[in-house]
Q: 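Have a look at the structure that comes next, please.
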2 protein chains.
Amino acid sequence: MSNTSHSEENYLKAIFHLGSEGTQAVSTNAIARNIKTQPSSVTDMMQRLSEKGLVNYRKYKGVSLTDLGRDTALSIIRKHRLWEVFLVEKLHFSWDEVHDVAEQLEHIKSEKLVDLLDEHLGFPQYDPHGDSIPDKDGNYPSRDKQLLSQLPENAQGLCIGVKDSSASFLKYLDRNKISLGDKIKLLEREDFDNSLLVLVGERKLRLSQQIAANLYLKLL
Amino acid sequence: MSNTSHSEENYLKAIFHLGSEGTQAVSTNAIARNIKTQPSSVTDMMQRLSEKGLVNYRKYKGVSLTDLGRDTALSIIRKHRLWEVFLVEKLHFSWDEVHDVAEQLEHIKSEKLVDLLDEHLGFPQYDPHGDSIPDKDGNYPSRDKQLLSQLPENAQGLCIGVKDSSASFLKYLDRNKISLGDKIKLLEREDFDNSLLVLVGERKLRLSQQIAANLYLKLL
DNA sequence: ACATATTTTTAGATTTGTCTAAATTTATTT
DNA sequence: AAATAAATTTAGACAAATCTAAAAATATGT
Ligand SMILES: [Mn+2]
Ligand SMILES: [Mn+2]
Ligand SMILES: [Mn+2]
Ligand SMILES: [Mn+2]
């Protein structure tokens, strides 16, 4: 396999996430913003990743992942999400605490470790935030899901994921007792501010547009 | 806490191990040999670690750990050994496969992770090679153990650790079905080559001096 | 004690990954 | 189609970690 550094792996992941799974070209500035670095550093790195055959880079035109780059990115994402499952299921971290630790663990290099971890966890398909976990060949299920904010009135579904997985959003959900797996029904939309009146299980709640735009539902 | 790099941590660990738990001064060359680097790189690093207050360094006189350096080294060793236990107990790695992965895992920075891992493993006192695991304050049990090679005839004890934990030695032990916890009795020593005739459980075995010099026993 | 060998340090170079400031290219307005 | 703005790249610098070769300090042997 390719011999990628910690830093190179972070760039590959960013390109994957920014360019709808790596296929689309991504701009220098978008990457810089994503990994909190300067555009000039991104350009440097893109030239190096291009040398290594991990990205397709055309000056001023943005980058996309090569097949090799995509495989590498998926293997990092696989590790990230498996470690998140481990932290929540086995060590009882809460879902808002796992990301930063997983950012470190995802760079550990040992195929055996990843595969045994996967087995130890019972080959989970989704991480604690509802994101799907690629298998060892890089395949992952894509399920159809919709943002709560985009549903028509009276639609209902199961909450299966979050779009924003920042600690502050996750803690908001905890405080309001909204968890993955909950049944949510859209009762009515307030035209003025686009806030929603919803039924979470048995409870009536009012959710702002911002909240609703970050909750994924699987329609029932 | 101190903000140590991956590389700095490896140097601190080396100094700890080479200078009987960090208290004694260690030579530049010994460190270089231990971490497979050049003596000039060691000198450079010692000057940097000294700046950071992690080691006591006197030109040409060797180096020892400060209290802060010792604490840091112990925290890395704690993590290394806890991860080794995890890999063996939970993921079913064999004891000769864990070291290299633990060398990576020991650098993950999250106090919460380490403490929850410790709890998850049931606060183990020893790693798979019989080395003791420091607790969160850096305390660890020291038990009296003796090398099999140094026992008098007819002495017997429990095998509680290995001095050399290289994969090749550990695999030799596996092939010969010698494990930690086995009862070993020294039947006779051959004067010519210092090899030993021993009883491992019920089995009679002849062990070379080299093997015997790497097995720790607790006398019965 | 003096010559020789060994150990350790310094000097200078290299790689990786980052930065700021300036130059260049591409996009947007008027 | 210029002029202006925004995005991107280049140039040059820097810190961390490493190396090789040369110089300096320490240890050893006669
Ligand atoms: Mn995450
Ligand atoms: Mn996640
Ligand atoms: Mn080890
Ligand atoms: Mn060990």
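Computed from a predicted structure; not experimentally measured.
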Q: Can you tell me which nucleotide in D/dT10, C/dT18, D/dT9 comes closest to the side chain of A/Q47?
A: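 Closest of the options to the side chain of A/Q47: D/dT10.
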
Q: Let me know, please, whether A/K59 or A/S5 comes out on the 5' side of the other along DNA chain C by nearest nucleotide.
A: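 The answer here is A/S5.
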
Q: Tell me whether the OP1 or OP2 atom of C/dC19 has a side-chain N or O from A/T37 closer than 4.0 Å.
A: yes

Q: Is the side chain of B/E190 donor-acceptor paired with the backbone N or O of B/F192 at a distance under 3.5 Å, no angle test?
A: yes

Q: State which of C/dC19, D/dT18, D/dT9 makes the closest approach to the side chain of B/S7.
A: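 The nucleotide sitting nearest to the side chain is D/dT18.
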
Q: Does any donor atom in the side chain of B/Y172 or B/Q210 lie under 3.5 Å from an acceptor atom in the other side chain?
A: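 Not at all, the side chains of B/Y172 and B/Q210 share no donor-acceptor pair under 3.5 Å.
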
Q: Could you check whether the side chain of B/S27 and the base of C/dT7 have a donor-acceptor pair of N or O atoms closer than 3.5 Å, going by distance alone?
A: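 Flag unset: no donor-acceptor pair detected.
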
Q: Would you say B/N29 reaches C/dT6's phosphate, i.e. side-chain N/O to OP1/OP2 under 4.0 Å?
A: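 False: B/N29 side-chain N/O out of range (4.0 Å or more) of C/dT6 OP1/OP2.
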
Q: Tell me which nucleotide among D/dT9, C/dT18, C/dT9 gets nearest to the side chain of A/M45.
A: C/dT18

Q: OP1 or OP2 of C/dT16 sitting under 4.0 Å from any side-chain N/O of A/R48?
A: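 So the side-chain polar atoms of A/R48 never come under 4.0 Å of the phosphate oxygens OP1 or OP2 of C/dT16.
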
Q: Among C/dT9, C/dC19, C/dT26, find the nucleotide with the atom closest to the side chain of A/S41.
A: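 Nearest to the side-chain atoms of A/S41, counting from C-beta on, is C/dC19.
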
Q: Does some side-chain heavy atom of B/E103 sit less than 4.5 Å from a side-chain heavy atom of B/E106?
A: yes

Q: What is the distance, rounded to the nearest whole Å, between atom NZ of B/K61 and atom P of C/dT8?
A: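 Roughly 11 Å, once rounded to whole Å.
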
Q: With no hydrogens and no angle check, do the side chains of A/S27 and A/N29 hold a donor and an acceptor under 3.5 Å apart?
A: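 There is no such pair (donor and acceptor under 3.5 Å, judged by atom type) between the side chains of A/S27 and A/N29.
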
Q: Does any N or O donor sit under 3.5 Å from an N or O acceptor when you compare the side chain of A/S40 with the base of C/dT20?
A: yes

